[in-house]
2 protein chains.
Amino acid sequence: MVEKLASIENAKTFLNDVGINPSYQRLRILDYLINNLCHPTVDMIYSELIREIPTLSKTTVYNTLNLFQKRGIILGLTIDESEVRYESNVVPHAHFKCERCGEIIDVHVCHPILTKGFVNNHKIHEGHLYLKGVCKDCINHDSNGGQK
Amino acid sequence: MVEKLASIENAKTFLNDVGINPSYQRLRILDYLINNLCHPTVDMIYSELIREIPTLSKTTVYNTLNLFQKRGIILGLTIDESEVRYESNVVPHAHFKCERCGEIIDVHVCHPILTKGFVNNHKIHEGHLYLKGVCKDCINHDSNGGQK
DNA sequence: TTCTCTGCAAACGCTTTGCACGGAT
DNA sequence: ATCCGTGCAAAGCGTTTGCAGAGAA
């Protein structure tokens, strides 16, 4: 409980710093993103928060995520064309999606191209490295004959 | 004209090789992709081809692109969440999208991570490196005060 | 009061699905 | 006759828009 309140306070400071009015819904959505690094979809965020905020509208989730993204405090990932996923970690890193279990995992690769600079005289503002394959857990399950 | 026929023949051989029945529509769509390396959207392909194939349906374009993609002879790019772009060049390379003019440009970066292998014990099947920024042409226009 | 945020309902646009027709074997 | 591809129309679905009410300053 104490941790939760502290977490919300943390989100509040965060929003104040970037000049976004820290409404209750915005705070809760940002807080959710900070504490759930699983790269949730709009639907995941909405489904979780509606349990504690019964009046929450999906429109608000959309509006809020778009606002956060525009201000650069969260990132939208399109590693899969059928869904956008969000994360509050804006430090450049790569993403891996397991084709078996669907999980998206952060991968820290050091490559200068992911940061700002020039490539072939084009100015780079942002870079996304998306990897797809089979995660180590799914590989292990396979080698155990599908056992846990 | 001679070149065009040769190009279609080329596409035909291509489809036969991967075991796809080379119908007229499929041939024309593949041929379009091979000869237009601008990473077109579904709509671009449809709008261009409808001029020469008046009965063409957008459903057929969707079906065909999905079929090609499933068979691995084309790639779908989601560098921009609002549209899928297609290309027939399946050799691993990066993509740069200019936020100013919208153009998508191939970038050849040599990085082992873009090819198959292992990262943090996760098996990689495919990788996409998407870069966004301002292309060199748009930078030049800027420094000319917007002149051509 | 004034301004902003929220949330419902409707609109929107892209993509897929269902199905019947037609051409090829 | 059978199979497969095409294309129309409709459905589906995620997202955005319009707008009125609520809440904060």
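The chains referred to below are lettered A, B, ... by the order of the sequence lines, with proteins before strands, and numbering in each begins at 1.
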Between atom OH in A:Tyr62 and atom P in D:dG14, what is the gap in whole Å? 7 Å
Interatomic distance, A:Asp43 CG vs D:dC13 C1' [rounded to whole Å]: 11 Å
Take the protein atom CZ of B:Arg28 and the nucleotide atom C1' of D:dT6, then report the distance between them rounded to whole Å. 16 Å
Any A:Asn63 side-chain N or O less than 4.0 Å from OP1/OP2 of D:dT16: no
Counting the atoms with a prime plus P, OP1 and OP2 as sugar-phosphate, which does A:Thr60 contact under 4.0 Å by heavy atoms, base, sugar-phosphate, or nothing? base
Report the distance from atom CD1 of A:Ile45 to atom P of D:dT15, rounded to the nearest whole Å. 11 Å
What contact category does B:Gln25 fall into here, base, sugar-phosphate, or nothing, at under 4.0 angstrom with non-hydrogen atoms? sugar-phosphate
Contact class for A:Thr55 vs. all strands (heavy atom < 4.0 Å): base, sugar-phosphate, or nothing? sugar-phosphate
In terms of relative ring orientation, are A:Tyr130 and A:His95 parallel, tilted or perpendicular, with 30° and 60° separating the classes? tilted
Give the intermediate values and the outcome of salt bridge (Lys or Arg N to Asp or Glu O under 4.0 Å) for residues B:Arg85 and B:Glu87. CA-CA 7 Å; B:Arg85 287 169 167 269; B:Glu87 70 174 353; over 6 Å; no
Tell me, do B:Phe68 and B:Ile29 make a side-chain contact under 4.5 Å, heavy atoms counted? yes
Side-chain contact, heavy-atom cut-off 4.5 Å: A:Cys135 with A:Ile105? yes
Comparing B:Glu81 with B:Tyr46, nearest DNA chain D nucleotide closer to 5' gives the residue B:Tyr46
Please report, rounded to the nearest Å, how far the P atom of D:dT15 is from the OH atom of A:Tyr86. 7 Å
Bounded by its outermost nucleotides with an atom under 4.0 Å from a heavy atom of chain B, the footprint on DNA chain C reads C:dC14 to C:dT17
Proximal nucleotide (of D:dG7, D:dG5, D:dT16) relative to the A:Asn66 side chain: D:dT16
Judged by modelled atom types alone, do B:His108 and A:Asn120 share a side-chain donor-acceptor pair under 3.5 Å? no
In terms of side-chain heavy atoms of B:Arg26, which of D:dG5, D:dG14, D:dG7 is nearest? D:dG5
To the nearest angstrom, the OH-P distance between B:Tyr24 and D:dG7 comes to 11 Å
Any side-chain N or O of A:Thr59 below 4.0 angstrom from OP1/OP2 of D:dT15? no
Heavy-atom closest pair, residues B:Leu27 and B:Ala11: CD2-C, 3.7 Å
A:Thr64 side chain to A:Thr60 backbone, donor-acceptor under 3.5 Å: yes
